[in-house]
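Just so we're on the same page: letters track the sequence lines, and every chain starts at 1. The figures that follow rest on heavy atoms only: side chains count, while hydrogens, waters and symmetry mates do not.
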Amino acid sequence: MGEITGLPLAELTDRLAALGGPEPERERPPPSTTGEFPELPGAVPGKVVLRLAPFPSGSLHIGNARMLFVNQYYRARYDGRLLLVFDDTIGNEEKRVEPEFYDMIRADLERAGIVPDATYFKSDRIGLYYPWARRIIDRGGAYVCTCPAELLRANRASGTACPERSQSIEETGAAWQRMLDGGFAPGEAVLRLRTDLQDPDPAFRDRVLFRLSDLDHPRVGRKYRVWPLLEVAAAVDDIELGISHVIRGKDLVMEDRMERFLWELLGVQGPPFLHWGILRVREAKVSKSKSYREVKSGLYDGWSDPRTWSLLSLDRRGISMDALRTFTLSFGLSLADIEVPAETLYAENRKRIDATTPRRAFVPDPVHVAVEGYPADLATVELPNHPDLPAMGSRSVTAGPEFFLPRKDVERNRGAEVRLKDLVNVRLPASLPVGDDVVPVTFTTRENRRLPRLQWVGAADAVPVDLLGIEGDHTTGWGERSLAAAPPRQIFQFERVGFVRVEASWAPGQTPVRVVFGHP
RNA sequence: GCUCCCGUAGUCUAGUCCGGUCAAGGAUCCGUGGCCUUCGACCACGAAACGUGGGUUCAAAUCCCGCCGGGAGCACCA
């Protein structure tokens with residue numbers, strides 16, 4: 001026996017086989033395409049209830065996608081329910097609830113393929129939170145503090161109790177009633193939780209539960225002056241709405257502790273929490289407040305401006321929500337904070353659209369050229385809509401002898417022979433004339449040789465195109481004639497440029513064909 | 001500073017709970033070649049990783065300890 005245990009595994013296997021034993025399983029598990037999604041603790045299929053709690057202060061963006069798709073994923077996995085709970089408590093001056101965002105967020109959800117099983121508004125539930133405040137007070141768990149915010153913070157940092165911390169339950173009850181009755185102005189009093197002023201995490205010491213605000217709320221106006229903070233509202237709703245699992249970003253971990261603390265104080269059992277780490281898309285410097293400002297100021301082209309990286313803007317760019325879902329789920333529920341290049345998302349989208357997207361020619365920043373010796377029989381040519389898929393058909397394109405070529409390529413290849421893609425070879429002049437003069441180039445051969453390839457548009461029949469870039473920039477140029485009839489939302493690949501989506505058709509003499517850049 | 005979290009290729013990720021089939025899999029990026037009329041796609045090939053030091057063990061990406069590095073939170077916002 002001792003002799004066997006010392007043998008390497010491979011040899012053991014061989015000996016086993018020689019003895020006629022069964023071959024051990026050697027199959028690898030299938031390669032995973034998504035990240036790791038653990039079982040939800042204690043989850044029972046059909047009984048899982050999850051919630052999405054967006055704050056209606058802007059459109060949903062790429063950074064919110066994880067919240068959407070992870071919850072959607074678990075709902076499907078456990079055949080559960082997903083509630084939309086608008087986290088529309090009052091906010092503050094910088095972070096305000098605004099009416100248009102309710103519908104905008106619902107539209108975002110719909111776009112992402114998420115149909116909530118029910119929708120709630122915290123602003124409808126404010127009255128529900130007050131009895132809970134009473135219960136907390138009655139257990140001696142809170143006190144009304146009238147310290148100015150700054151002093152409150154300083155005391156918290158140093159672990160110093162303010163005089164009101166020692167008030168009796170009766171005193172707190174009376175002060176709370178005074179808050180409700182309007183006996184304090186906003187900022188004059190808050191209801192604070194009694195935790196432990198020596199708690200190792202300073203952030204956790206005697207946090208504020210309820211505060212006063214007289215801001216006008218878009219749904220309930222000034223009906224309430226006493227507003228709950230996120231932690232209390234969530235602690236109450238997670239119980240009352242029967243949430244079975246809370247899955248959210250790890251920026252909210254301390255709120256877990258708050259909710260658990262409250263539940264323990266009140267002797268109720270709440271759901272477990274799961275988190276994911278911070279996800280950043282390198283190119284997307286997402287800031288809801290900046291987007292808000294620039295949309296309001298008119299600098300951005302509304303919430304569909306590419307710079308917002310909103311779901312709406314991604315759709316506008318031709319990036320499918322399915323690609324976004326796969327992209328988002330590929331990170332699993334890892335707690336690590338990560339930064340991912342947008343290219344990964346683009347690659348995912350390309351997989352979905354490349355095979356079905358027609359090709360078209362577009363020449364940005366054009367130079368007008370005239371080809372000397374251009375073959376007369378090539379005035380028009382037939383080009384395939386997709387190089388690899390003959391089934392996608394072809395279109396007839398007006399060609400030379402006059403063309404538009406990309407200035408950048410013409411300059412880079414001065415004096416050299418180049419290939420007009422799918423057409424002929426020409427020699428470019430050694431130097432370009434100044435101004436907008438037509439540049440003479442020389443036909444060389446039809447023979448397809450290994451030369452730099454340039455996309456081209458026949459000058460005789462070109463259509464003006466305006467391309468909106470992802471930085472909000474505009475590139476103008478010429479496109480081939482067939483673009484004129486392109487319907488809005490059609491996706492094309494502009495050869496050697498990238499994937500674009502049509503915004504508006506051509507109105508001759510008025511507006512160019514407007515397209516939005518999607519990705520390379 | 002305090003609290004919590006995280007370290008697998010350039011970037012993500014699987015594997016870590018339950019040590020051996022991991023001389024580490026997938027995606028993306030990069031390079032080369034092919035298809036030879038896209039700088040796209042596709043095909044083939046290639047380059048590329050267990051933060052670090054110690055310990056336990058026949059055996060460590062996996063268990064234990066130290067160190068180093070990165071991130072988040074520390075609002076009368078959400």
Inset, instruction - Taking the six-membered ring of F273(A) (Phe, Tyr or Trp), confirm whether the NZ or CZ of R248(A) is under 6.0 Å from its centre and within 45° of its axis. - result: no
Legend entry - rA23(B) and rC42(B), which share atom name P, separated by this distance in whole Å: 31 Å
Legend entry - F184(A) six-ring face occupied by R178(A) cation (under 6.0 Å, within 45°): yes
Legend entry - Within residues 350-364 of chain A, residues whose heavy atoms come under 4.0 Å of RNA chain B: R350(A), K351(A), D354(A), R359(A)
Inset, instruction - Please state the C1' separation for the pair rU28(B) and rA41(B) - nearest whole angstrom. - result: 15 Å
Inset, instruction - Could you give the distance separating rU11(B) and rG55(B) at their C1' atoms, to the nearest angstrom? - result: 33 Å
Legend entry - Check: rG73(B) base within 3.5 Å donor-acceptor of D256(A) side chain: no
Legend entry - Complementary nucleotide for rC42(B) - Watson-Crick or wobble, under 3.5 Å: rG34(B)
Inset, instruction - For rA72(B), take OP1 and OP2 only and decide whether either is under 4.0 Å from a side-chain N or O of R280(A). - result: yes
Legend entry - Any strand: nucleotide that pairs with rG1(B) via Watson-Crick or wobble, under 3.5 Å: rC74(B)
Inset, instruction - Look through every strand shown and name the nucleotide pairing with rC63(B) as Watson-Crick or G-U wobble, where both distances are under 3.5 Å. - result: rG55(B)
Inset, instruction - Could you pick out which residue, E343(A) or K421(A), lies toward the 5' side of RNA chain B when each is mapped onto its nearest nucleotide? - result: E343(A)
Legend entry - P atoms of rG40(B) and rG34(B), separation to the nearest Å: 15 Å
Inset, instruction - Consider the side chain of P387(A), meaning its heavy atoms from C-beta on, and name the nucleotide among rC76(B), rU38(B), rG1(B) that approaches it most closely. - result: rU38(B)
Legend entry - Sugar-phosphate, base or nothing in reach of L252(A), heavy atoms under 4.0 Å: base
Legend entry - Base rA78(B) to side chain E255(A), donor-acceptor N/O within 3.5 Å cut-off: yes
Legend entry - Residue A347(A), side-chain atoms from C-beta onward, closest of rU28(B), rG40(B), rA78(B): rU28(B)
Inset, instruction - Establish, from distance only, whether the side-chain atoms of T444(A) and N425(A) form a donor-acceptor pair under 3.5 Å. - result: no
Legend entry - P spacing across the pair rC17(B) / rC74(B), given as an integer number of angstrom: 34 Å
Legend entry - Nearest-Å distance once atom P is located in both rG7(B) and rG15(B): 12 Å
Legend entry - Separation between the C1' atoms of rA24(B) and rA61(B), rounded to whole Å: 8 Å
Legend entry - Within 45° cone and under 6.0 Å: R219(A) NZ/CZ vs F121(A) ring: yes
Legend entry - Residue-phosphate contact under 4.0 Å: R153(A) side-chain N/O, rC76(B) OP1/OP2: yes
Legend entry - Atom P, compared across rG46(B) and rC6(B): separation rounded to whole Å: 36 Å
Atom pairs, N/O to N/O, protein against nucleotides 7-12 of chain B, distance under 3.5 Å?
from	atom 1	to	atom 2	distance (Å)
rU11(B)	O3'	E339(A)	O	3.3
rU11(B)	O2'	E339(A)	O	3.3
rC12(B)	OP1	E339(A)	N	3.4
rC12(B)	OP1	E339(A)	O	3.4
rC12(B)	O5'	E339(A)	O	3.4

Inset, instruction - Please say whether the positively charged group of R317(A), taken as NZ for Lys or CZ for Arg, lies over the ring of W309(A), i.e. under 6.0 angstrom from the six-membered ring centre and within 45 degrees of the axis. - result: yes
Inset, instruction - Measure from the side chain of R419(A), starting at C-beta and using heavy atoms only, and say which of rU37(B), rA72(B), rC76(B) lies closest. - result: rU37(B)
